[in-house]
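A quick write-up on the structure given underneath.
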Amino acid sequence: MKHKNLFSFILFLCLMSLSFAIRAQDYMVDPSFNPTFGGRTHQFWDFLNAVAVQPDQKILVGGNFTNVNGNDIKLIVRLNPNGTRDTTFNPPLGAGANDQVETIKLLPDGKMYVAGTFHIGTTVTYLVRLNADGSLDSSFVTPLAGVVKSIDLYPDGRFMACGAIGSPFDPTWSKLARFNQDGSRDTSFQANIAGNTCYDVKLLPDGSMYAAGTITGVNGIGIPGLVKLSATGVRDASFNVYTESYPFISREHYRLALQPDGKLLAATKGWYTNSQGDLLASLGVRRYQTDGTYQVIGNCGWSESSTTFFLQDDGKLITNGCAVQPGSQFYNFARFLPDGSFDTALNRLNFDNPINSIARQADGSYVITGSFNNVEGQPRPRIVRLTTSVPAVRHRFDFDGDGKDDLAVFRPGDRYWYLSRSTSGPAYVQWGLSTDKAVAADYDDDGKTDVAVFRDGQWYILRSSDGALLVQSFGQAGDKPLVGDLNGDGKVDMIVRRPLPNNSIEWQIRYFGSTGVSATQTLSGEAVSDPSMVGDFDGDNTDELAYFRDGNWYSRKVGAASPLRTFLWGQAGDMPAPGDYDRDGQTDYAVFRPSTGDWYINRSTAGFLALHFGANGDIPVPADYDGDGKADLAVFRNGAWYQFLSSTGTFRANAWGLSGDLPIPAQTN
């Protein structure tokens, strides 16, 4: 019966692996980028409206918030590329309960226009120009009095502002106006626009422009939400958008994007009545020719003011609220090719709420803001970075540097290490005493794991790069040795876990290349009997110290201010088996349950996985044995290795070692 169950679970995993392959994603949530925003009385209001990436790859974020990463900062912040706050940027915005930033427009000199509705001191302001350090540019003073939805720049420093921006007593600039560099209005542009709000404006090389919104006319001539104007504000009658497939009461346009070929993409909403007299709305995305004729794009059904466009330099368009085919699921992140078809090379990602703004970094990653809380089921409140840069896989047990972890055991009886190297073949090394603790790791940074043991505070390392002995004094008798990367420099750090007389634990750390103790750390509540480990449980490329007790995981970064993280996964009697089971750069919580032979894995990207693989008495030894970057399920049993390879979904058994040998992937247990 046990073999039948094992076969059933293996078949199940094969099918799951196949489904993952079909759904393979070329963009994924960046696990290392996770800034937090908040501070309002209810999280619903902590939304982010705008994002922009500077040439130095720092990220400007604007919205409705008063706290970033636990720091008091309002409405606009500059983040470093890793998501931490840039403390050199200190804007004076925000004092009112309903203040928010809606638009950020970067300037070539490092300054920026910031628009919204916010206080500076006691004064309500709608548009400011900030210096590169966030201070107010006092040389910019504008008569603008209303919300700005969009800004587009002229090469000479002037700009168009679009929104509900002007005095109702002067309709020639109540929706759209041109401003000089000092903020004064350029009265050579006159366009008397009727309606409610202008949502977007896009300049053409000759100084003419498209303007879109819930507008109904210009200079006394009726228009359905979209108009082309000359550089002085005269309507261009050659662009006519009246043509409709059936009668509409009105048409509204929201977001615009100009393709490199001069065609205009527009998010639209049309109101009409059906035969029963019901008022209905038709939503979509159109691509307009220069004469106003258009093509309907895809199956897009989201076109309110929160519609988002991001046009890449190659003419491809990222947008939200579109489906691959009629009746299929709508996606908040999908890409169109210039001909209007879906780009199947880009995976479509699900956000639980709308996105508001998209920016792209130099490496091709997208930074996205909005009112969402989860992306592809992962918690990412209000901001996320999507990347194709798969985190580098750290192989702890690769003795020949081929990108695959190897089968290896230490035999206390004859003090030999027996290595089954996947490329270089078998090797046998006598190294250490029967009572030593194995601490194999890549100490010389040559891409190969070094044979190493810990003995009473001495580390004896056989360097694979030159075959030389390296001895390090760190720790004392009774310490438990571990290795990891606790400062994120990609190097092996030496760690000892020391029992104290009161049954508590102290961790001591020596960073790579240092001497003495680099840091000490305690984990609240930890006892001597708790299984301990090191892993990157939050996916920021820096390991944490951790322990496991009765189904509860406790982990902490090295640092005096680092909080203790807790996570419930498993139960009493389980053996912790952490590893990166989905190749997202984050250590997953996983347990092996000896009483049943079951594995329970909480994969941070791919989700929950439960499998029967093993038996009572087995030692779990998960590692990346097939080189696909994912930890494979594996157990060691009396000299036999049983593995389930994630790359192929196949079972493999190898005889390597004897009963009583220590399998090296279990060296820290």
Side-chain angles (χ1 to χ4, degrees), residues 45 47-50 62-64 74-76 91-105 107 112-130 136-138 140-154 158-203 209-220 223 225-227 229 233 252-256 269 304-307 356-357:
W45 299 109
F47 49 78
L48 306 182
N49 293 317
N64 183 12
K74 300 178 176 66
L75 309 189
I76 184 170
L93 279 58
N98 298 313
D99 289 5
Q100 65 174 296
V101 165
E102 292 203 22
T103 303
I104 301 171
K105 190 71 174 182
L107 299 173
M112 66 206 70
Y113 289 117
V114 179
T117 304
F118 45 80
H119 288 74
I120 297 181
T122 59
T123 304
V124 178
T125 308
Y126 300 95
L127 177 66
V128 296
R129 187 165 63 204
L130 300 181
L136 196 65
D137 182 352
S138 59
F140 178 81
V141 179
T142 178
L144 183 147
V147 175
V148 174
K149 295 293 185 182
S150 178
I151 293 172
D152 208 1
L153 305 174
Y154 286 94
R158 295 178 300 163
F159 65 93
M160 295 298 305
C162 169
I165 60 175
S167 167
F169 305 106
D170 185 357
T172 61
W173 69 289
S174 61
K175 308 293 183 297
L176 181 67
R178 184 162 61 211
F179 295 88
N180 298 307
Q181 288 191 45
D182 62 358
S184 62
R185 181 180 166 222
D186 180 355
T187 56
S188 67
F189 178 87
Q190 299 279 336
N192 184 355
I193 293 179
N196 188 2
T197 303
C198 177
Y199 276 95
D200 208 354
V201 60
K202 285 291 180 287
L203 290 168
M209 68 202 71
Y210 291 104
T214 54
I215 53 182
T216 57
V218 59
N219 298 332
I223 58 168
L226 178 63
V227 65
L229 302 171
E252 302 163 356
H253 291 69
Y254 293 98
R255 192 66 57 205
L256 301 177
K269 179 179 182 179
E304 300 289 351
S305 58
S306 59
T307 299
N356 293 333
S357 187

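Residue numbers run from 1 in the order of the sequence given. Just the heavy atoms: all of them, side chains too, but no hydrogens, waters or symmetry mates, feed the values below.
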Does the [X] side chain pair with the main chain of [Y], one donor and one acceptor, at a distance under 3.5 Å?
X      : Y      : answer
Asp182 : Ser184 : yes
Asn196 : Thr214 : no
Arg129 : Gly183 : no

Residues Asp186 and Arg158 bridged, charged N to O under 4.0 Å:
yes
So if I apply the side chain to side chain contact (heavy atoms under 4.5 Å, CB included) rule between Cys162 and each of Thr197, Ile215, Thr103, Val201, which one comes out positive?
Val201
Checking side chain to side chain contact (heavy atoms under 4.5 Å, CB included) against Leu75, which of Thr117, Asp99, Val114, Asn49 comes through?
Asp99
Distance (rounded to the nearest 0.5 Å) between [X] [atom1] and [Y] [atom2]:
X      : Y      : atom1 : atom2 : result
Ile76  : Leu93  : CD1   : CG    : 7.0 Å
Asn180 : Phe159 : CG    : CZ    : 8.5 Å
Leu127 : Phe118 : CG    : CZ    : 7.0 Å
Phe179 : Phe189 : CZ    : CZ    : 10.5 Å

Donor-acceptor pairs under 3.5 Å, side chain of residues 144-152 to any protein atom, not counting sequence neighbours: which ones?
from	atom 1	to	atom 2	distance (Å)
Lys149	NZ	Glu102	OE1	3.1
Ser150	OG	Asp200	OD1	2.7
Asp152	OD2	Leu203	N	2.8

Taking all atoms of both residues into account, what is the closest heavy-atom pair of [X] and [Y], and its distance?
X      : Y      : answer
Gln100 : Phe47  : OE1-CE1, 3.4 Å
Ile193 : Ser174 : O-OG, 3.8 Å
Ala191 : Gly233 : CB-O, 3.7 Å
Trp173 : Pro143 : CH2-O, 3.7 Å
Ile223 : Val227 : CD1-CB, 3.5 Å

Residues that Thr172 engages under side-chain contact (heavy atoms from CB on, under 4.5 Å), provided they are two or more places apart:
Asp170, Arg185, Gln190
Contact check, side chains of Leu176 and Leu229, non-hydrogen atoms, under 4.5 Å:
yes
Under 4.5 Å between any side-chain heavy atoms of Thr142 and Tyr126, yes or no?
no
Go through the side-chain N and O atoms of Arg178 and Ser188 and say whether any donor and acceptor fall under 3.5 Å apart.
yes
